[in-house]
Amino acid sequence: QVQLVESGGGTVQTGGSLRLSCAASGRTYTVNIMGWFRQAPGKEREFVAAITLSGYSTYYADSVKGRFTTSRDNAKNTVYLQMNSLKPEDTAVYYCAARYGVGHTTVHKDYNYWGQGTQVTVSS
């Protein structure tokens, strides 16, 4: 089992920034990819970003490319999502997820472990 705990959500004005953290514990050596997803009220959970174990490969949804950056600190078993130039449409609950399969996927069902989520609200 892998446990994930997100932190760093909050309320920010349009154009502002937030950094989310996701601390992993347990059998983290089984994880190959860490991902970020978000879910707004009444909408499907959608892919935001992902990073491989090595940290050499990152992936982003078109809607956040150029504004969001994901990184990881393997020594701390922590993944980060730096969010800049935030827009009201970025408002959602953000989830950290872990996948032990290899290969990038944007499908949330392909991820094996999930955090509890953290609310991000961007006011206009």
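- Counting only heavy atoms from C-beta outward, the side chains of Val120 and Leu18 approach each other to under 4.5 Å.
- Side-chain contact between Thr14 and Pro88 is present, with heavy atoms from C-beta onward closer than 4.5 Å.
- To the nearest 0.5 angstrom, His104 atom NE2 is 12.5 Å from Ile51 atom CD1.
- Judged by distance alone, with hydrogens and angles left aside, the side-chain atoms of Asn74 form a donor-acceptor pair with the main-chain N or O of Leu53 at under 3.5 Å.
- Checked against side chain to side chain donor-acceptor pair (under 3.5 Å), Asp90 has the following partners two or more places apart in sequence or in another chain: Arg38, Arg67.
- At least one side-chain heavy atom of Gln82 sits less than 4.5 Å from a side-chain heavy atom of Ser17.
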**Request:** Using the side chain to side chain contact (heavy atoms under 4.5 Å, CB included) rule, take Tyr94 and Thr118 through it: C-alpha gap first, then chi angles, then the decisive distance, then the call.
**Result:** CA-CA 5 Å; Tyr94 282 70; Thr118 185; 4.3 Å; yes
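- Note: the hydrophobic cluster containing Trp114 also contains Tyr59 (ILVMFWY, side chain heavy atoms under 4.5 Å, direct or indirect links).
- The closest donor-acceptor contact from the side chain of Glu6 to the backbone of Cys96 lies under 3.5 Å.
- Note: Tyr60 OH to Leu81 CG = 7.5 Å, rounded to the nearest 0.5 Å.
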**Message:** Determine whether Thr52 and Met34 satisfy the following criterion, side chain to side chain contact (heavy atoms under 4.5 Å, CB included), listing intermediate values before the conclusion.
**Reply:** CA-CA 6 Å; Thr52 57; Met34 296 291 294; over 6 Å; no
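- Residues Ile33 and Tyr111 are in side-chain contact: their nearest non-hydrogen atoms beyond the backbone lie under 4.5 Å apart.
- For Phe37 and Tyr95, the gap between ring centers reaches or exceeds 6.0 Å.
- The side-chain heavy atoms of Phe68 and Leu86, taken from C-beta on, include a pair separated by under 4.5 Å.
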**Evaluation steps, side chain to side chain contact (heavy atoms under 4.5 Å, CB included), between Thr70 and Trp36** = CA-CA 9 Å; Thr70 187; Trp36 292 94; 3.5 Å; yes
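- For Lys65, the NZ atom is densely surrounded, since the number of other residues' heavy atoms within 6.0 Å is greater than 12.
- Taking OG of Ser63 as the reference point, atom CD of Glu46 lies at 5.5 Å (rounded to 0.5 Å).
- Here Thr11 contributes atom OG1 and Gln13 contributes atom CD; the two are 10.5 Å apart, rounded to the nearest 0.5 Å.
- With values rounded to the nearest 0.5 angstrom, Tyr113 atom OH is found 11.0 Å from Thr28 atom OG1.
- For the residue pair Asp73 / Thr78, no side-chain donor-acceptor distance below 3.5 Å is found, with atom types taken as modelled.
- For the atom pair CG (Leu4) and CD (Gln116), the distance works out to 9.0 Å, reported to the nearest 0.5 Å.
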**Request:** Would you please test Thr105 and Arg99 for side chain to side chain contact (heavy atoms under 4.5 Å, CB included) and show each step?
**Result:** CA-CA 10 Å; Thr105 174; Arg99 167 172 160 81; 3.6 Å; yes
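- Following chains of ILVMFWY side-chain contacts shorter than 4.5 Å, one cannot reach Phe47 starting from Leu20, and the two form parts of different hydrophobic clusters.
- In this structure, Asn77 contributes its side chain and Ser25 its backbone to no donor-acceptor pair below 3.5 Å.
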